[in-house]
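Heads up, the thing below is written out as structure tokens.
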Amino acid sequence: MGVIKDILRTMDYGPSPESTEHVGVWLEEHKSGFGHFINGAFTKPGDLFDVFNPARGERIARVSQGSAKDIDAAVAAARKAQPKWAALSGFERSKHIYALARHVQKRERFLSVLETIDNGKPIRESRDIDIPLVARHFYHHAGWASLIESELPGTKPVGVCGQIIPWNFPLLMLAWKIAPALAAGNTIVLKPAEFTPLTALAFAAICVETGLPPGVVNIVTGDGATGAALVAHAGVDKIAFTGSTEVGRAIRKATAGTGKKLSLELGGKSPFIVFEDADLDSAVEGVVDAIWFNQGQVCCAGSRLLVAEGAADALYAKLRARMANLTIGDPLDKSTDVGAIVAPVQLERIRRLMRQGEEEGLEFFRANDSLPDRGCFYPPTLVTGVDPASVLAREEIFGPVLVATTFRTPDEAVALANNTRYGLAASVWTENVNRALEVAARIKAGVVWINSTNMFDAAAGFGGYRESGFGREGGREGLSEYRIADEPKGKPNSSRPLRLNASPGVGPARNVVDEGPDRTAKLYVGGKQARPDSGYSYAVLDPAGREVGLAGLGNRKDIRNAVEAAAKASSWGAATAHNRAQVLYYVAENLAARADEFTRRLSAMTGASARAAKAEVDASIRRAFVYAGYADKFDGAVHATRSRFVTLAMNEPWGVMGILCPDEAPLLAFVSLVMPAIAMGNCVVAVPSASYPLSATDFYSVLDTSDVPAGVVNIVTGEANVLAKTLAEHDGVDAVWYVGDIEGAAQVEALSAGNLKATWTSAATTDWAKAEGREFLRRATQVKNIWTPYGE
Ligand code: ADP
């Protein structure tokens, strides 16, 4: 009896390790090494590298290092398989994906054990979270396969997708990538992370079992060099990457100008905000899930605790008590809460950052220093009193370390939450629903969990704002990343001769210092006409070379001023959609009232016949009306995710957008690009056609008379690619749309890597008469998913 009493008092668990028998047999069978999975079969093992169990420091397998040749073979197999896969009926594709889901489910135990051995995560997590979510992803997307034609009309598969995933959720990240790509009719070359390739190889075996056609899924193992070869391969149409911001940036540069579609899910430093009225006991459990789930090796980990000053002491005390109860150790033990760090280099990275924190004199609380004497373990750690400027508050630690700071007011909480270059997720704890939703709206992050954390579901989009990347994974939002417009491509725009430099006597040599009041069209910045900083203007010529006017020659400084003006006008994004619609209708009406004048100007400038010019003006007026109509109709969604949760998908404006317009259809293209952007609440710096800028400069007076608030539309004329450079580099610009030539598009994409702004580029001729619709609104917004629980 005494024993039971003791057990009840201490509530200690005895060891309860999960059996590794089946996984052991499978690993033994592949003792001589794993090959790649290409065209439906495993290749002979090649140049091998070791894979370790981080909890024991033991080698568990040897896996092939993929070469450029292997990538070549995999891409060729995927290319060959793609048309047939896409040509299957949605129903047939659906059955294949459904079979994958079923087989994953049948092997849940095997896959969870393998994942835990390979990655070090507690079996409780791989068994209850990772693998069930993998099956859920395949089930969800099996449905999409048969719905995609009707649900995403006017689109087609992208083609061959290169997918690169990290080691923190190896099989789950595979599912997030492969399931939507397959549903959308693409074929795949996937590269798992070098630390954790084993469940991907087990999945390859499942693809064989279910009879997935050869070449539809190919898996090439290897390290960053293998990933880089996949990114660089000319036969790949899209890259989907999850990993560090640093590598994401390199991939952005490597794909610039190649025409590859790109989605990036990168790092984070997500805030976990606790208000004074929060239920502190629930918040403590939330913290455990936010930062000690998967040893904190989670891109959306709630790693910055922001707590109301009045609640801080109580919360810290509860947290310390809770930390003392966390079980750290053998990940295969079913009662383990915190397992192993994935690899010695990661452990060393955590230690290095913590040493830096120690040098700053920060206060540490470690849960439990009695760690297993082998393997990669780091104790759950709480660091309090952390200055927002501290390295620990800024850098993604990717380990079980929580840094805490206090705040006094909700405004301060929001400011601290947004004081990061990332924007992946946030968690908000308060019993006041009004406050929760207000804070959720003001936080710049792709996912906000209210009174909850780390909630995921296949039906909701997941992805970041700012340097956490762009594109979403999951649900309808994620699916559009794997489709492109089903329309004939225009002819590539050849490098555009800069008309301002082109003709003899025109261009900088002829540019004259602008002397006083004359017929030079000025720039339009912050609601006012402004002289260009350079003081220069350039001649606008008709096709016969006759001068039809002068335009300001904008430079970097003018762009910077315009960006500043646009940032100041950000309350436009918070105006009601009705309000914005009214302003846009007013713009459309005022344009209509001046149709004759705009027609004459177009005709004179471009040499278009009076009829053609009138048609362009009429189309521009219609388009302006269309986007005025759309302003309050591009709804978000409520996703069907988990029970007792409302998951709101809100379409939010990017903020400040740079828009570079082509020479084609100088008025219609300008209206087609600027109107959807402002309809969605963005403030814009627009660079009109360099050759034919005067329709856009005439537009100032339309804006002035239409109640468009100052700074919402700024217009800078000049050489498109020179101005595009400044816009693409500018950290205050959140997204850039560029329509122009190939060099310009490549430049915008490469330079956007700085703050990882989203870009939408085209270097082909466009049928502007048709360039309209929801895709423009989708590209003018980013989706924030807000998870709100209900019930007691
Ligand atoms: P983490 O910090 O999570 O390890 P990484 O960004 O280093 O993230 O790795 C994520 C994935 O990207 C891994 O599969 C890795 O092999 C791959 N990778 C690393 N460097 C490159 C690169 N230069 N190009 C493409 N893939 C890369």
Side-chain angles (χ1 to χ4, degrees), residues 36 47 49-52 54 63-68 70-71 74-75 118-121 161-178 188-201 203 218-233 236 238-256 258 260 262-270 294-301 303 340-350 352-353 376 395-399 401 422 424 464 467-469 473 750 753 756:
H36 308 294
D47 192 6
F49 65 92
D50 293 339
V51 177
F52 289 91
V63 163
S64 299
Q65 165 67 23
S67 63
D70 298 319
I71 291 289
V75 172
D118 198 6
N119 165 280
K121 62 174 67 206
C161 300
Q163 305 184 319
I164 298 168
I165 55 172
W167 45 259
N168 54 350
F169 295 91
L171 195 63
L172 184 56
M173 290 300 105
L174 173 149
W176 280 25
K177 296 275 181 291
I178 288 188
I188 293 152
V189 179
L190 176 129
K191 191 202 81 67
E194 53 272 43
F195 295 145
T196 56
L198 299 181
T199 43
L201 294 167
F203 178 81
N218 304 274
I219 293 174
V220 179
T221 51
D223 60 11
T226 314
L230 181 55
V231 169
H233 200 289
V236 171
K238 177 196 161 73
I239 294 290
F241 172 78
T242 298
S244 59
T245 292
E246 186 194 344
V247 174
R249 201 167 266 137
I251 292 178
R252 168 68 290 184
K253 287 185 192 151
T255 53
T258 62
K260 288 187 179 110
L262 180 64
S263 52
L264 298 174
E265 201 265 88
L266 309 175
K269 190 78 187 171
S270 299
N294 204 23
Q295 295 68 249
Q297 303 167 123
V298 183
C299 48
C300 55
S303 52
I341 300 296
V342 74
V345 285
Q346 267 318 107
L347 184 60
E348 186 40 43
R349 188 187 131 77
I350 299 171
R352 179 172 52 77
L353 281 163
C376 295
E395 290 291 312
E396 186 179 32
I397 301 172
F398 228 64
V401 179
Y422 297 115
L424 194 49
E467 292 186 31
S468 291
E473 294 187 293
L756 285 161

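Start at 1 and go down the list; that is how both ligands and their atoms are numbered. Heavy-atom basis, side chains included; hydrogens, waters and symmetry copies ignored.
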Residue-ligand contact Phe241/ligand 1, heavy atom below 4.0 Å: yes

Could you see which bit of Thr226 sits under 4.0 Å from ligand 1, with heavy atoms only: side chain, backbone, both or neither? neither

Side chain, backbone, both or neither: which part of Ala250 comes within less than 4.0 Å of ligand 1 when only heavy atoms are counted? neither

At what distance is the nearest protein heavy atom to atom 17 (C) of ligand 1, and which residue and atom is it? Ile164 CG2, 3.6 Å

For atom 19 (C) of ligand 1, tell me which residue out of Pro192, Pro170, Gly224 has the closest non-hydrogen atom. Gly224

Non-neighbouring partners of Glu395 that pass salt bridge (charged side-chain N to carboxylate O under 4.0 Å, His left out), sequence neighbours left out: none

From CG (Leu424) to CD (Glu265), nearest 0.5 Å: 5.0 Å

Show which atoms of ligand 1 fall inside a sub-4.0 Å distance from at least one heavy-atom site of Gly227. 24 (N), 25 (C), 26 (N)

Min N/O separation Ile165 to ligand 1 under 3.5 Å: yes

Just jot down the ligand 1 atoms closer than 4.0 angstrom to any heavy atom of Asp223, in number order. 16 (O)

Hey, does Leu266 have a side-chain heavy atom less than 4.5 Å from the side chain of Tyr422? no

If you scan protein heavy atoms around atom 6 (O) of ligand 1, the nearest is Ser244 OG, 2.7 Å

Under 3.5 Å: N/O of Lys191 near N/O of ligand 1: yes

Return a table of donor-acceptor pairs under 3.5 angstrom between the side chains of residues 192-201 and protein atoms on other chains or two or more places apart.
{"residue": "Thr199", "atom": "OG1", "partner": "Glu115", "partner atom": "OE1", "Å": "2.8"}

Answer yes or no: is there a side-chain heavy-atom contact under 4.5 Å between Asn119 and Pro170? yes

How does Trp167 reach ligand 1, if at all, at less than 4.0 Å between non-hydrogen atoms: by side chain, backbone, both, or neither? side chain

Rounded to the nearest 0.5 Å, how far does CZ of Phe169 lie from CD of Gln297? 9.0 Å

Verify, without hydrogens or angle tests, whether Gln163 (side chain) and Lys177 (backbone) share a donor-acceptor contact under 3.5 angstrom. yes

Just how far is it from atom SG of Cys376 to atom CD of Gln295, taken to the nearest 0.5 Å? 11.0 Å

Under 4.0 Å from a heavy atom of Ala193: which atoms of ligand 1 are those, numbered in the order shown and with their elements? 14 (O)

Closest heavy-atom approach to atom 16 (O) of ligand 1 among Arg249, Gln163, Glu194 is made by Glu194

My question is simple, although I want it checked carefully: is atom 9 (O) of ligand 1 less than 4.0 angstrom from any protein heavy atom? no

Proximity to ligand 1 by part of Glu246, non-hydrogen separation under 4.0 Å: neither

The option among Val247, Leu230, Val345, Thr242 carrying the non-hydrogen atom nearest to atom 21 (C) of ligand 1 is Val247

At what distance, to the nearest 0.5 angstrom, does CD1 of Ile188 lie from CD1 of Ile178? 5.0 Å

With the side chain counted from C-beta on, respond yes when Lys269 and Ile397 share a heavy-atom pair under 4.5 Å apart, and no when they do not. yes

